[in-house]
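Everything on this sheet refers to the single structure shown next.
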Amino acid sequence: MTHTKTHTEWQCDVLIAGSGAGGLAAAVTAAHHGLKVIVAERAAVCGGATARSGGWAWVPGNPLAKADGVNEPRDDFRNYLKAVIGEAGYDHERIEVFLENAPHMVGFFENFTPLKFTPGAKICDIYGKLPGAGTGHRSVAATPFYAASLPKHLLGILPDQFKMTSFWGMGIMAGPDLGHFLNAMRNPRSFAYVARRTAVHIWDKIVHRRNMQMVNGLALIAKLVQAADEKGVQIKVNSPVGELLFDEGGRVCGALLDTPEGKVKVHAARGVVLATGGYPANIGRRKNFPRNPDGRHHWTLAPDEADGAGLALAESAGGYLDDSGRSPAAWCPVSLVDFKDGSTGVFPHIADRAKPGVIGVLQNGRRFVNEADGYYDYVSAMIRAVPEGETVQSWLIGDARVIRRYMFGYAKPRPIPRRLYTRRLKCVVQADTLDGLAEQCGIDPVGLMNTVARFNQNAKKGIDPDFGRGETPFNRYGGDASAGFPNPSLAPLGKGPYYAVRVLPGSFGTFAGIAVNARSQVIRADGGTVDGLYAIGLDQKSVFGGNYPCGGINIGPAMTFGYAVARDLAGARRYEDDNSAAPSPDYQGSLHVDTQAV
């Protein structure tokens, strides 16, 4: 193959394309084992979609759970995943690698890097009625920290807090942190907490010109970047991978980078790892999303750089897109906010749908889903329920109590004036009556009135015979027990005015991805491997077959497979956190320790 003449050449053991959770986890692990690592990031800052996310990682069996006395057998995780995925889509070998490596991955970063985790002690698996479902302790997130502890050269390659999920640019973490913000007008202690956080944020914006209170996915990325820097990883931003390099035997042995200094030929002795974030921002590629024939009827929370660059590189080497799972996208219901500067923001409806007094309806005015189930389920149900030929959309409806007390779409609760959202940004529709609200939204008024009457009658009793809302720990955790109703996820819609937000199909990223084997090696259509080429994160096909068993099932596998790939490339034979031999007795896969150190 003929290549463009390059100005310089770099040598490394491992080249990683992309700096999200997966790519950085691989980089840190490989460097810890003595490998020379280069991370090539296409954007000007690191983190990709991870930096915009809530930052939770689903890692069942993690050491934080065990430290809290929760020692679940691995069969519980297997049984739950089999029940969610189904036998036909259950990828036994890859799931075994995930379950084997996830606890040690958490232990490695806790013990050998600046990254520290907070346990998700109360975060429940979504499908609580299925065998093996967990009621907490299977998720972790990066512990929040103040970024003044970071070197300045690292702050320069970190993004600011994602605008759409922040409070005036200040990140808020799910759990007690968010609880204080929601209760600030009802609890003096919460008011003082919020006042302190806000004062620090204002100071940081004046002095540092950015948010410095790192939480959620940004905290995770920041600590991974710090760990990579401390272990000698070279992070190159504004440096997309142009094309792969092959040796005489057809093995991937490096790549060409387009850097600010010009083209660079990178020789990667042990391999190239693709971790570029999937293809959710690629309009042409996402035509395989249902009800989206032109690719434009979809709104992703991922950055523009998540456009399938990794997939294109894999295809150039003989790899292919595997979209055989349940869903090609990691669905999330979103609403659009048109700002006065001409930009349009995409807001994810994660926390509002489960709150008591909120319902979701279609254009016919009828409910179509358990609103308190996962965000994935909301969009899936919306796509199924909207008749062919109609725009796939729904509306979240709430009363005056809801918008005062909770976040409702992009709208923040008191003391933020609601007219900012109803009149200036016009992202929330307001009306004095339900039929007036229906008229403004184009909803059938009779259908809506009948739906609310039935919902209210049952909500007073704490039941939802239509969709079972509030019957699982996941539903109840997402509700509000302090609201004073029999079921924390249910409350009747009370007095007006009433409010509505138009909800559209969106995603956190893609579930369809590059076909890989249990070692995360890219495979060809004939089943052979592309030697020297790996894919992790959202670049690889979802290990759970396009299903969404719990929040954090993008970041958890991304970090875990990044960790496993790096150990494989380094030839590691024992786990770092406890020095135990790999694999453990609980491992039921067929990969041999001599060909992969899991």
Distance col, row Asp160:CG vs Ser166:OG, nearest 0.5 angstrom, shows 8.0 Å

For residues 415-431, which side-chain donor-acceptor pairs fall under 3.5 Å, sequence neighbours excluded?
unit_1: Arg418; atom_1: NH1; unit_2: Tyr499; atom_2: OH; d: 2.7
unit_1: Thr422; atom_1: OG1; unit_2: Arg418; atom_2: O; d: 3.2

Does Arg366, at its CZ atom, have more than 12 non-hydrogen atoms belonging to other residues, nucleotides or ligands within less than 6.0 Å? no

Of all heavy-atom pairs linking Ala385 and Phe368, the shortest is CB-CB, 4.0 Å

Assess the side chains of Ser343 and Asp341: does a donor N or O sit below 3.5 Å from an acceptor N or O? yes

Is a donor from one side chain sitting under 3.5 angstrom from an acceptor on the other, for Asn101 and His104? no

Please identify each residue that fulfils side chain to side chain contact (heavy atoms under 4.5 Å, CB included) with Asp229, with sequence neighbours left out. His153, Leu154

Who passes side chain to side chain contact (heavy atoms under 4.5 Å, CB included) against Asp444, sequence neighbours left out? Val446

Are side-chain N/O atoms of Asp480 and Tyr406 paired as donor and acceptor at under 3.5 Å? yes

Pair Lys129 + Glu471: basic N to acidic O under 4.0 Å: yes

Sequence neighbours excluded, which residues qualify as salt bridge (charged side-chain N to carboxylate O under 4.0 Å, His left out) partners of Glu371? Arg367, Arg469

Is Arg454 salt-bridged to Asp466, going by a charged N under 4.0 Å from an acidic O? yes

Can you name the residues that form a side-chain hydrogen bond (donor to acceptor under 3.5 Å, both in side chains) with Tyr378, not counting sequence neighbours? Ser394

Answer yes if the side chains of Tyr146 and Asp204 hold a donor-acceptor pair under 3.5 Å, and no otherwise. yes

Residues in side chain to side chain contact (heavy atoms under 4.5 Å, CB included) contact with Ala354, at least two apart in sequence or another chain: Ala372

Could you note down all residue pairs passing ring pair (Phe, Tyr, Trp, His ring centres under 6.0 Å) where residues 168-197 supplies at least one of them, sequence neighbours left out? Phe167-Phe181, His180-Tyr193

Under the side chain to side chain contact (heavy atoms under 4.5 Å, CB included) rule, collect the residues that match up with Tyr498, sequence neighbours excluded. Asp399, Leu434, Leu437

Taking only residues two or more places apart in sequence, or in another chain, which ones meet His137 in a ring pair (Phe, Tyr, Trp, His ring centres under 6.0 Å)? none

Set of residues satisfying side-chain hydrogen bond (donor to acceptor under 3.5 Å, both in side chains) with respect to Lys355, sequence neighbours excluded: none

Set of salt bridge (charged side-chain N to carboxylate O under 4.0 Å, His left out) partners for Glu110, sequence neighbours left out: none

Who are the side-chain hydrogen bond (donor to acceptor under 3.5 Å, both in side chains) partners of Gln440, not counting sequence neighbours? none

Check each of Cys550, Pro473, Ser139 against Asp125 using the side-chain contact (heavy atoms from CB on, under 4.5 Å) test, and report the only one that passes. Cys550

Is it true that Asn370 and Asn475 share a donor-acceptor pair across their side chains at a distance under 3.5 Å? yes

